[in-house]
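In this text, all values refer to a predicted model and were calculated from it rather than measured experimentally.
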Amino acid sequence: MKDIPTNTNPTLSKTEFYQDLLLQVQALCEDQTYWVTNFSNASAIIYHGLISLEHFQKKPINWCGFYITDPNNENLLILGPFQGKIACTAIPFGKGVCGAAAQTRETQVVRDVHEFPGHIACDSASNSEIVVPLVKNDRVYGVLDIDCEKTEGFDQDDKIGLEAIAKAIMDCCDFP
């Protein structure tokens, strides 16, 4: 396994942090095409990277992971690799923040999940959320989902950084 440097500077700007994190994710995935391996390692490096950042020490991340499009039902997300507490195991496209991201193919940045119509509360401690759709060859393979314990946990910098990371992960993965 490669020696991947981790963030040791909690005061990095989000832009600098996501640039470093992107390089780390690319290095992790460089010689690996199996999506389960890449999603597993990506959830760990993203989660631990985020919790090391000063911003997210004030606004703690409590879940980071992937929901995968069910191979038996193209309108259902099922739980994939993640870091955090136990989670919902199935989410229909169009339901909750994850389902909205999968259905619209657009990143959802939700400042207060309690104001999001149809929010699915997998963990009552979550108060804000960002969900990035995972699209390759015009097909939705799932979503990257990150929850924060405080409202307004995510912003445009997170959206831009996490979309770049999601693209890098998808670019190296082969899917059946």
pair I91-I120: side-chain heavy atoms closer than 4.5 Å: yes
From CD (E16) to CG (D157), nearest 0.5 Å: 11.0 Å
For V110 against F116, the heavy-atom pair lying closest together: CG2-CD1, 3.7 Å
Connected via hydrophobic side-chain network under 4.5 Å: L134 and V109: yes
Ring centroid separation F175 to Y34 under 6.0 Å: no
Exam field: side chain K159 to backbone Q108, donor-acceptor pair closer than 3.5 Å: no
Rounded distance [0.5 Å steps], OG in S128 versus CD in E115: 11.5 Å
Donor + acceptor pair across side chains of N127, D112 (<3.5 Å): no
Sulfur-sulfur distance C29/C172 under 2.5 Å: no
salt_bridge(K14, D155) N-O dist < 4.0 Å: yes
Point-to-point distance, once rounded to the nearest 0.5 Å, from CE of M170 to CG of N137: 8.5 Å
Cluster check V140, I130: I/L/V/M/F/W/Y, side chain < 4.5 angstrom: no
S52 side chain near P10 side chain, heavy-atom distance below 4.5 Å: no
Linked, directly or transitively: L28 and I146 (ILVMFWY side chains, under 4.5 Å): yes
Residue pair T107 / E163, side-chain donor-acceptor N/O under 3.5 Å: yes
Nearest non-hydrogen partners of V132 and A166, listed with the distance: CG1-CB, 3.7 Å
Side chain to side chain, I169 and V25, heavy atoms closer than 4.5 Å: yes
F82 and C64, any side-chain heavy atoms less than 4.5 Å apart: no
Shared hydrophobic cluster, V143 / V113 (ILVMFWY, side-chain heavy atoms < 4.5 Å): yes
Residue among L21, L23, T15, L22 satisfying side chain to side chain contact (heavy atoms under 4.5 Å, CB included) with Q19: T15
Worked check of side-chain contact (heavy atoms from CB on, under 4.5 Å) between F17 and L50: CA-CA 9 Å; F17 167 77; L50 288 171; 3.5 Å; yes
Rounded distance (nearest 0.5 Å) linking atom CG of L77 with atom OG1 of T89: 11.5 Å
Donor-acceptor pair, side chain of Y67 and main chain of C88, under 3.5 angstrom: yes
Heavy-atom check, side chain of L144 versus side chain of I46, under 4.5 Å: yes
Side chain to side chain, K58 and K150, heavy atoms closer than 4.5 Å: no
Neighbour count above 12 (heavy atom, 6.0 Å) for K95 NZ: no
Heavy-atom check, side chain of T151 versus side chain of R111, under 4.5 Å: no
Salt bridge (Lys or Arg N to Asp or Glu O under 4.0 Å) assessment of R105 paired with D138: CA-CA 10 Å; R105 298 177 179 212; D138 201 38; 2.9 Å; yes
For P133 against A101, the heavy-atom pair lying closest together: CB-O, 3.6 Å
Considering all heavy atoms, the nearest I61-F56 contact: CD1-CD2, 3.5 Å
F39 and F66 aromatic ring geometry - parallel, tilted or perpendicular at 30°/60° bounds: parallel
Separation of T69 OG1 from E74 CD (nearest 0.5 Å): 8.0 Å
Single-linkage hydrophobic cluster L12~Y18, side-chain heavy atoms < 4.5 angstrom: yes
I68 vs Y141 side-chain heavy atoms within contact, under 4.5 Å: no
Closest contact, heavy atoms only, Y47 versus N62: CE1-C, 4.4 Å
Any donor-acceptor N/O pair, W63 side chain to A87 backbone, under 3.5 Å: no
C122 vs K85, side-chain contact (heavy atoms from CB on, under 4.5 Å): CA-CA, chis, key distance, verdict: CA-CA 9 Å; C122 297; K85 295 179 181 178; over 6 Å; no
From CG (L79) to CG (D70), nearest 0.5 Å: 12.0 Å
Shortest non-hydrogen separation from L76 to A90 and the atoms involved: CD1-CB, 4.1 Å
